[in-house]
*Asks:* 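Please read through the structure below; I'll follow up with questions.
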2 protein chains.
Amino acid sequence: MRITYKGDYALKAVLALSLKYGSSVVTIHDLAKDADIPIKFLEQVLLELKRGGFVDSRRGKIGGYFLVKPPHKIKIGDIVRFIDGPIEPIACLEKGYTGCRDIYKCAFRHIWQDVSSAISNIIDNVNFQELAAQVNLKQQVLTYSI
Amino acid sequence: MRITYKGDYALKAVLALSLKYGSSVVTIHDLAKDADIPIKFLEQVLLELKRGGFVDSRRGKIGGYFLVKPPHKIKIGDIVRFIDGPIEPIACLEKGYTGCRDIYKCAFRHIWQDVSSAISNIIDNVNFQELAAQVNLKQQVLTYSI
DNA sequence: TACTATCTCTATAAGATTAGTAGAGTATAC
DNA sequence: GTATACTCTACTAATCTTATAGAGATAGTA
């Protein structure tokens with residue numbers, strides 16, 4: 001299990017859209033600029049998120065992207081799994097792995113299952129409303145301190 | 001962070017050597033056969049483990065590999081980190097990552113640090129003596145049940 | 001209608017990583 | 001001196017990652 005740049009970009013995009021949820025759409029251009037993401041790459045990521053039912057879009061002059069579901073119903077784990085695949089830290093947890101012929105010797109399997117569970121426990125316990133709230137709080141602190 | 005086949009093979013090899021620690025050496029041939037690993041690939045893995053100070057070898061007719069340290073002093077995490085690199089589930093934890101220009105917006109970083117810690121807590125809490133004991137126990141149960 | 005801003009879709013590609021293969025060389029026991 | 005086992009370097013096919021390119025579709029508005 002590894003979060004790729006694609007997954008990283010997807011998380012950042014969903015967070016940015018969470019901050020605008022219910023108020024306005026955001027263009028790919030703005031998303032790319034704010035998060036410093038190559039715009040053509042971000043296009044693909046957003047299309048994928050759209051096909052996954054996480055975001056929707058409006059074309060034309062006042063077009064842009066917006067979240068379909070409220071931020072508190074989207075967990076980090078949802079995005080990570082959708083973009084980067086299931087949480088399997090090692091091949092031996094995947095379907096079709098044949099490397100443990102003698103099941104009595106596969107002493108590692110339950111450890112990787114533990115790792116997998118531990119990761120899920122973390123990334124399935126944070127939603128984008130909480131993240132957005134943190135960002136807003138930090139922005140405030142930043143503003144006051146200036 | 002992902003355990004590759006190389007890491008998987010290294011763990012299996014170290015476990016096999018743990019079972020023989022203090023009694024005998026094991027040839028690459030036997031290790032490869034027991035764990036169903038391509039022999040030429042395993043050669044490279046063992047040489048790497050040797051350079052890492054985990055195993056040593058003896059050449060010639062009664063040659064083979066053996067553990068340098070006692071199994072209870074080798075943790076799964078030691079082998080994983082040595083073969084597959086540090087526990088970084090995402091690029092943003094690596095040195096030189098520049099994707100979070102605005103640190104106040106990097107809401108994800110501490111989550112990935114939590115994930116990293118959770119993984120370490122698991123793989124640094126199991127040593128090869130424990131694993132070997134489990135294998136021995138299972139072998140016994142298997143023998144009795146036949 | 002023409003224009004422009006925006007999203008949509010498919011193709012391509014360079015670079016890195018992974019998993020494995022090949023073969024010649026070196027040391028040791030007998 | 002010969003068989004056995006480890007040592008070392010190079011090579012390679014396939015896949016994944018991270019983009020880039022460009023033509024097309026849609027919507028608002030002057």
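Hydrogens, waters and symmetry mates are skipped; everything else that's a heavy atom, side chains included, is used. All chains are named by letter (A, B, ...) in the order of the sequence lines, taking the proteins before the strands, and each is independently numbered beginning at 1.
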*Asks:* Measure the distance from CG on B:D36 to P on C:dA19 and round it to the nearest whole Å.
*Replies:* 15 Å
*Asks:* Distance check needed: D:dT26 P versus A:D56 CG, whole Å only.
*Replies:*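 Rounding to the nearest Å, CG of A:D56 and P of D:dT26 are 15 Å apart.
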*Asks:* What's touching nucleotides 26-30 of chain C from the protein side, N or O pairs under 3.5 Å?
*Replies:*
| unit_1 | atom_1 | unit_2 | atom_2 | d |
| --- | --- | --- | --- | --- |
| C:dT26 | O2 | B:R59 | NH1 | 3.1 |
| C:dA27 | O4' | B:R59 | NE | 3.1 |
| C:dA27 | O4' | B:R59 | NH2 | 3.4 |

*Asks:* Check the phosphate of D:dC16 against A:T4, side-chain N and O only, distance under 4.0 Å to OP1 or OP2. Yes or no?
*Replies:* no
*Asks:* Round to a whole Å and report the spacing from CG of B:L42 to C1' of D:dC8.
*Replies:* 16 Å
*Asks:* Atom CG of A:D8 to atom P of D:dA19: distance rounded to whole Å?
*Replies:* 11 Å
*Asks:* B:I37 has an atom CD1; how far is it from atom P of C:dT21, in whole Å?
*Replies:*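 After rounding, the reported distance stands at 13 Å.
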*Asks:* With a 6.0 Å cut-off (strictly less than), is the heavy-atom count around NZ of A:K69, excluding the residue itself, greater than 12?
*Replies:* yes
*Asks:* For B:I28, enumerate each residue passing the side chain to side chain contact (heavy atoms under 4.5 Å, CB included) test, keeping only those at least two apart in sequence or located in another chain.
*Replies:*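 Side chain to side chain contact (heavy atoms under 4.5 Å, CB included) check on B:I28 returns B:I39, B:L42, B:E43, B:L46, B:Y65.
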*Asks:* Please assess B:L17 against B:F128 for the test side-chain contact (heavy atoms from CB on, under 4.5 Å), listing each intermediate value before the final yes or no.
*Replies:* CA-CA 10 Å; B:L17 294 178; B:F128 280 88; over 6 Å; no
*Asks:* Within the modelled atom types, does a donor on one side and an acceptor on the other bring the side chain of A:E43 and the base of C:dC7 under 3.5 Å apart?
*Replies:* no
*Asks:* So does B:K6 reach the base of C:dG20 with its side chain, donor to acceptor, closer than 3.5 Å?
*Replies:* no
*Asks:* Quick check: is A:F82 connected to A:L67 through a chain of hydrophobic side chains (ILVMFWY, heavy atoms under 4.5 Å apart)?
*Replies:* yes
*Asks:* Share the residues that join B:V25 in a hydrophobic cluster, the rule being Ile, Leu, Val, Met, Phe, Trp or Tyr side chains under 4.5 Å apart at the heavy-atom level.
*Replies:*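 Once heavy-atom contacts under 4.5 Å are chained together, B:V25 belongs with B:F66.
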*Asks:* Once you apply a heavy-atom cut-off of 4.0 Å, does B:Y5 come out as touching a base, just sugar-phosphate, or nothing?
*Replies:* sugar-phosphate
*Asks:* Can you tell me how far P of C:dT6 sits from CG of A:L31, to the nearest Å?
*Replies:* 12 Å
*Asks:* Can I get a per-line list of side-chain donor-acceptor pairs under 3.5 Å for residues 49-63 of chain B, giving both atom names and the distance, sequence neighbours left out?
*Replies:*
| unit_1 | atom_1 | unit_2 | atom_2 | d |
| --- | --- | --- | --- | --- |
| B:K50 | NZ | B:S57 | OG | 2.8 |
| B:R58 | NH2 | B:I62 | O | 3.3 |

*Asks:* For the base of D:dT20, is there a side-chain donor-acceptor partner from A:Q44 under 3.5 Å away?
*Replies:*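 Such a pair is found, so the answer is yes.
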*Asks:* Any salt bridge between B:D124 and B:R81, counting N to O under 4.0 Å?
*Replies:* yes
*Asks:* Name every residue in residues 47-55 of chain B that has at least one heavy atom under 4.0 Å from any atom of DNA chain C, in order of residue number, or write none if there are no such residues.
*Replies:* none
*Asks:* Assess whether side-chain contact (heavy atoms from CB on, under 4.5 Å) is satisfied between A:H110 and B:Q134, documenting all intermediate values.
*Replies:* CA-CA 12 Å; A:H110 80 271; B:Q134 279 175 35; 3.7 Å; yes
*Asks:* Taking only side-chain nitrogens and oxygens of B:T27, does any of them come within less than 4.0 Å of OP1 or OP2 of D:dT4?
*Replies:*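 Answer is no, no contact under 4.0 Å.
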*Asks:* Return no unless some side-chain N or O of B:Y9 is found under 4.0 Å from OP1 or OP2 of C:dG20.
*Replies:*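 Checking B:Y9 against C:dG20: at least one side-chain N or O falls below 4.0 Å of OP1 or OP2.
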*Asks:* Determine: side-chain N/O of A:S57 to OP1/OP2 of C:dT8, distance under 4.0 Å, yes or no.
*Replies:* yes
*Asks:* Mind calculating the distance between NZ (B:K40) and P (D:dC6) to the nearest angstrom?
*Replies:* 11 Å
*Asks:* Using only side-chain N and O atoms of B:Y65, determine if any of them is under 4.0 Å from OP1 or OP2 of D:dT7.
*Replies:*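 Checking B:Y65 against D:dT7: at least one side-chain N or O falls below 4.0 Å of OP1 or OP2.
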*Asks:* Does A:L46 reach a base, just sugar-phosphate, or nothing at all? Heavy atoms under 4.0 Å.
*Replies:* nothing
*Asks:* So, the side chain of A:S18 versus the backbone of A:V14: is there a donor-acceptor pair under 3.5 Å, distance only?
*Replies:* yes
*Asks:* Taking only residues two or more places apart in sequence, or in another chain, which ones meet A:T4 in a side chain to side chain contact (heavy atoms under 4.5 Å, CB included)?
*Replies:*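 Here the qualifying residues are A:K6, A:D84.
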